[in-house]
Amino acid sequence: MQELKIYNTLSNKKEVFKPLKNGYVGMYVCGPTVYSNVHLGNVRTFMSFDLIYRYLLHLGYKVRYVRNITDAGHLTDDNAEDKISTKARIEKLEPMEIVQKYTVDFHQILEKFNNLSPSIEPTATGHIVEQIEAIKTILENGLAYEVNGSVYFDVLKYNEKEHYGILSKRKIEDAIENTRNLDGQSDKKNPQDFALWKKAEPEHIQRWPSPWGVGFPGWHLECTVMSTKYLGEKFDIHGGGMDLKFPHHECEIAQSQACNHTAPVNYWMHGNMLTMNGKKMSKSTGNSILPNEIFTGENEHISKAFSASVARFFMLQAHYRSILDFSNDAILASEKGYIRLMEAVSLTSKLESSKSSSFDVKAWKQKCYDAMNDDFNSPILIAHLFEAVKFINLLKDGKETLTKEDLLEFTTTINSFVFDVLGLESAEVGEDNLDKLSGVVEMLIKMRNQARADKDWNLSDKIRDELLILGIQLKDGKDGTSFTVN
RNA sequence: GGCGUCAUGGCCGAGUGGCUAGGCUGGGCUCUGCAAAAGCUCCCACAGCGGUUCGAAUCCGCUUGACGCCUCCA
């Protein structure tokens, strides 16, 4: 098996990946809070982990990929209404209708982007019992306290033995110094303490009974409980967006330590943000673009519609740990590159072999693996794929050669990287329709060739130009005319 | 204010102490009836200032700037 290096945000270093159990990987990724449509920035994170999931599968690992759905609303501050409830009130729906609506939307969008489904997709509300049990354990272990129907995690006490801030590289002393005292209306002993269980006010709709009264679980707890349940007290990879590092993931570590007396995760991975106009995409500021707006082109930031594959390719051209800025120019450039890549890939089935090879397929193949083994460096992989594109075009013209064996290995490799690992899809034209379309276009090509033979350039150009308007491009090559559909 | 990340050519975006990223765009050439496509080729770089080094865009320090987190956030 290839040696894979993963950048661990716990150590801030690339580390050789060694799963706990040989050949098996347990991976947990924080999913969305389903109170509104996912925007493109949300999609980027899930796509980054889709790439990681796909590559692990490609390497032959058996991966259990758990990604939760947060369907219990959490509070933006101690006294506000949670987002799901707010949305339910605005849309005049039950909270669970909101949850259902946006869960379906989330699945549909990710499917359009050709993301593979996780192995398990647990919900927070489906694991209230387990969350209550975890709180009991933390209370028993003396690292939480109950006040007025709520239970809080005692961060200062935890910090006596463990380091609260190990992931986000913070010192709790700094946090305390920089905390402004807000009126003291909170039940917390310390502002850094976080809720494990919150007492439900009468108007709070999502509510469950507990040993501490009617309430609802704290935000961080669900991930601890569900990852433990499905992946064990210790598992290989935990992922999420960079913005979840603190406090969410920090709290997860503290909760797991408090429950299970062990660090839960060997490799922490954080995907970086998608920005637009240099600022983080965020619905609250209006600086965001929805996937459906990409598909229809109906957004002031873009000049035309783009397919999900193009958007996917655009995002894969940047490394998952880099900030990526979305712009019309950038995605237009990606679209051209994407088309060039996919046209070359579609040519691979038509290539012919020779007696010798003018290209070192094995060396090229290893470079592709090296790129992905270096912390899933998809931009480098894509650069190597473009090297292959050039080679394919020369091969087609007979200017390069491959033996039968090399050709097979070459086409197998390029197809598996493009489709299986990067998860790109070729243009969606139904097989049947494509056959019919081909017939029609071939007929027009014949007519045009007759016109060209007669030097009737007006007619031949008319056929070519009008087809182009319809999105069908003719290409005159040495072996006759071919066409592509845009 | 605290913590952290990043500053690469016209645009997007990789990267390593000495050697080509790649894509898009622009110029030239080949091919073509003309185009397009494809191929070849050219131009344009590593924020600024110091330091380490035989040698740094790559390591260290400072300056400037941008962004992220510190409240829900992918």
Side-chain angles (χ1 to χ4, degrees), chain A residues 9 12 29-33 35 38-49 70 73-78 80 82-83 165 168-171 173-180 182 192 219 239-248 250 270-275 278-284 313-314 317-319 321-341 343-344 347 371 374 377-387 389-390 392-394 396-397 399-400 452 455-457 460-461 464-465 468 473-478 481-484:
Chain A
T9 40
N12 280 344
V29 173
C30 290
T33 303
Y35 72 95
V38 286
H39 64 243
L40 202 63
N42 303 120
V43 171
R44 182 183 182 203
T45 298
F46 300 121
M47 199 137 71
S48 295
F49 286 99
T70 297
H74 298 295
L75 302 178
T76 52
D77 68 65
D78 284 352
D82 74 84
K83 288 188 174 176
S168 53
K169 315 290 182 283
R170 285 157 202 254
K171 290 194 185 113
E173 295 79 10
D174 294 342
I176 291 166
E177 268 178 36
N178 288 297
T179 304
R180 271 166 277 169
L182 300 167
Q192 272 63 49
W219 172 40
M242 204 73 105
D243 49 357
L244 294 184
K245 208 177 192 182
F246 188 89
H248 185 56
E250 199 69 62
H270 289 95
N272 219 323
M273 301 291 103
L274 181 70
T275 61
K279 293 262 166 45
K280 181 180 166 182
M281 240 185 227
S282 162
K283 254 170 285 174
S284 53
F313 183 71
F314 161 73
Q317 272 186 302
H319 186 93
R321 278 190 292 113
S322 296
I323 292 169
L324 174 62
D325 195 56
F326 181 87
S327 68
N328 193 52
D329 286 350
I331 196 168
L332 274 172
S334 287
E335 183 175 52
K336 291 198 177 176
Y338 169 79
I339 290 168
R340 199 160 93 88
L341 174 65
E343 282 183 7
L347 281 175
D374 185 14
N377 200 325
S378 55
I380 294 289
L381 170 64
I382 289 170
H384 294 319
L385 292 178
F386 275 107
E387 204 182 306
V389 166
K390 194 179 193 176
I392 289 168
N393 287 322
L394 289 169
K396 185 188 63 136
D397 288 347
K399 289 175 181 162
E400 298 277 359
R452 293 172 77 202
K455 297 198 190 296
D456 183 354
W457 309 127
S460 73
D461 287 358
R464 182 180 67 199
D465 295 344
L468 187 61
Q473 186 172 46
L474 300 188
K475 298 170 184 175
D476 295 331
K478 279 204 172 65
T481 304
S482 61
F483 73 95
T484 53

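The sequence lines fix the lettering, A, B, ..., with proteins before strands; numbering per chain opens at 1. These figures come from a predicted structure and were not determined experimentally.
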Contact under 4.0 Å: A:R321 side-chain N or O vs B:G4 OP1/OP2: no
Check: B:C72 base within 3.5 Å donor-acceptor of A:K83 side chain: yes
Sugar-phosphate only, base, or nothing, as touched by A:K399 at under 4.0 Å among non-hydrogen atoms: nothing
Touch class at under 4.0 angstrom, heavy-atom based, for A:R170 against every strand present: base
Interatomic distance where CD1 belongs to A:I380 and P belongs to B:G23 [whole Å]: 12 Å
Spacing of the C1' atoms in B:C44 and B:C24 (rounded, Å): 14 Å
Phosphate OP1/OP2 of B:A37: any A:N393 side-chain N/O under 4.0 Å: no
Side chains of A:M273 and A:M242 in contact at under 4.5 Å (non-hydrogen atoms): yes
Touch class at under 4.0 angstrom, heavy-atom based, for A:K171 against every strand present: nothing
Whole angstrom value for the distance that separates C1' of B:C11 from CD of A:Q317: 12 Å
Contact nearer the 5' end of RNA chain B, comparing A:F314 with A:L244: A:F314
P atoms of B:C11 and B:A47, separation to the nearest Å: 14 Å
Per A:K336 side chain, nearest of listed nucleotides B:C69, B:C24, B:C12: B:C24
Protein-nucleotide distance (A:D325, atom CG; B:C24, atom P), rounded to Å: 20 Å
Separation of atom CG in A:L468 from atom P in B:A37, rounded to whole Å: 10 Å
Stacking check A:W457 vs B:G33 (5.5 Å / 30 deg): yes
Separation between the P atoms of B:A45 and B:G9, rounded to whole Å: 9 Å
Sugar-phosphate only, base, or nothing, as touched by A:L332 at under 4.0 Å among non-hydrogen atoms: nothing
A:K390 side chain near B:A38 phosphate (N/O to OP1/OP2, under 4.0 Å): no
Whole-angstrom distance between B:C19 and B:G55, as gauged at atom C1': 13 Å
Minimum side-chain heavy-atom gap A:L347-A:N393 below 4.5 Å: yes
Presence of donor-acceptor pair under 3.5 Å, side chain of A:D461 and base of B:G33: yes
Spacing of A:K279 atom NZ relative to B:U5 atom C1', expressed in whole Å: 16 Å
Nearest-0.5 Å distance, CG of residue A:L244 to OG of residue A:S168: 12.5 Å
A:I331 and A:E335, any side-chain heavy atoms less than 4.5 Å apart: no
A:N272 or A:F313, whichever maps to the more 5' nucleotide of RNA chain B: A:F313
Euclidean distance, A:S48 OG relative to A:L324 CG, rounded to 0.5 Å: 9.5 Å
Within the 6.0 Å centroid threshold, strictly below: A:F314 and A:F326: yes
A:M273 CE - B:G68 C1' separation (whole Å): 8 Å
B:U25 and B:G33, which share atom name P, separated by this distance in whole Å: 25 Å
Same-atom distance (P) from B:C60 to B:U53, integer angstrom: 16 Å
NZ/A:K171: more than 12 non-hydrogen atoms of other groups inside 6.0 Å: no
Touch class at under 4.0 angstrom, heavy-atom based, for A:G41 against every strand present: base
Derivation of the side chain to side chain contact (heavy atoms under 4.5 Å, CB included) call for A:K280 and A:I323: CA-CA 9 Å; A:K280 181 180 166 182; A:I323 292 169; over 6 Å; no
Euclidean distance, atom CG of residue A:N12 to atom C1' of B:C3 [Å, nearest integer]: 12 Å
Check: B:A35 base within 3.5 Å donor-acceptor of A:D465 side chain: no
Spatial distance of atom CG (A:L474) from atom CG (A:L468) [nearest 0.5 Å]: 8.0 Å
Out of B:A21, B:C24, B:C11, whichever nucleotide has its closest atom nearest the side chain of A:D329: B:C11
A:R340 charged N/C atom sitting above A:F386 aromatic ring, 6.0 Å / 45°: no
Dot-bracket encoding per residue of RNA chain B, Watson-Crick/G-U cut-off under 3.5 Å, | denoting interstrand: (((((((..(((.....[...))).(((((.......)))))....(((((..]....))))))))))))....
Nearest-Å distance once atom C1' is located in both B:A38 and B:C46: 32 Å
Sugar-phosphate only, base, or nothing, as touched by A:K280 at under 4.0 Å among non-hydrogen atoms: base
Any A:R452 side-chain heavy atom under 4.5 Å of A:T481 side chain: yes
Pairwise P distance, B:G26 and B:U32 [rounded to whole Å]: 24 Å
Listed nucleotide nearest any side-chain atom of A:H39, set B:A74, B:A36, B:G23: B:A74
Short side-chain N/O contact from A:R452 to OP1 or OP2 of B:G33, under 4.0 Å: no
Sugar-phosphate only, base, or nothing, as touched by A:H384 at under 4.0 Å among non-hydrogen atoms: nothing
Touch class at under 4.0 angstrom, heavy-atom based, for A:G165 against every strand present: nothing
Phosphate OP1/OP2 of B:A14 contacted by A:S322 side-chain N/O (<4.0 Å): yes
Nearest-angstrom distance from the residue atom CZ of A:R464 to C1' of B:G33: 10 Å
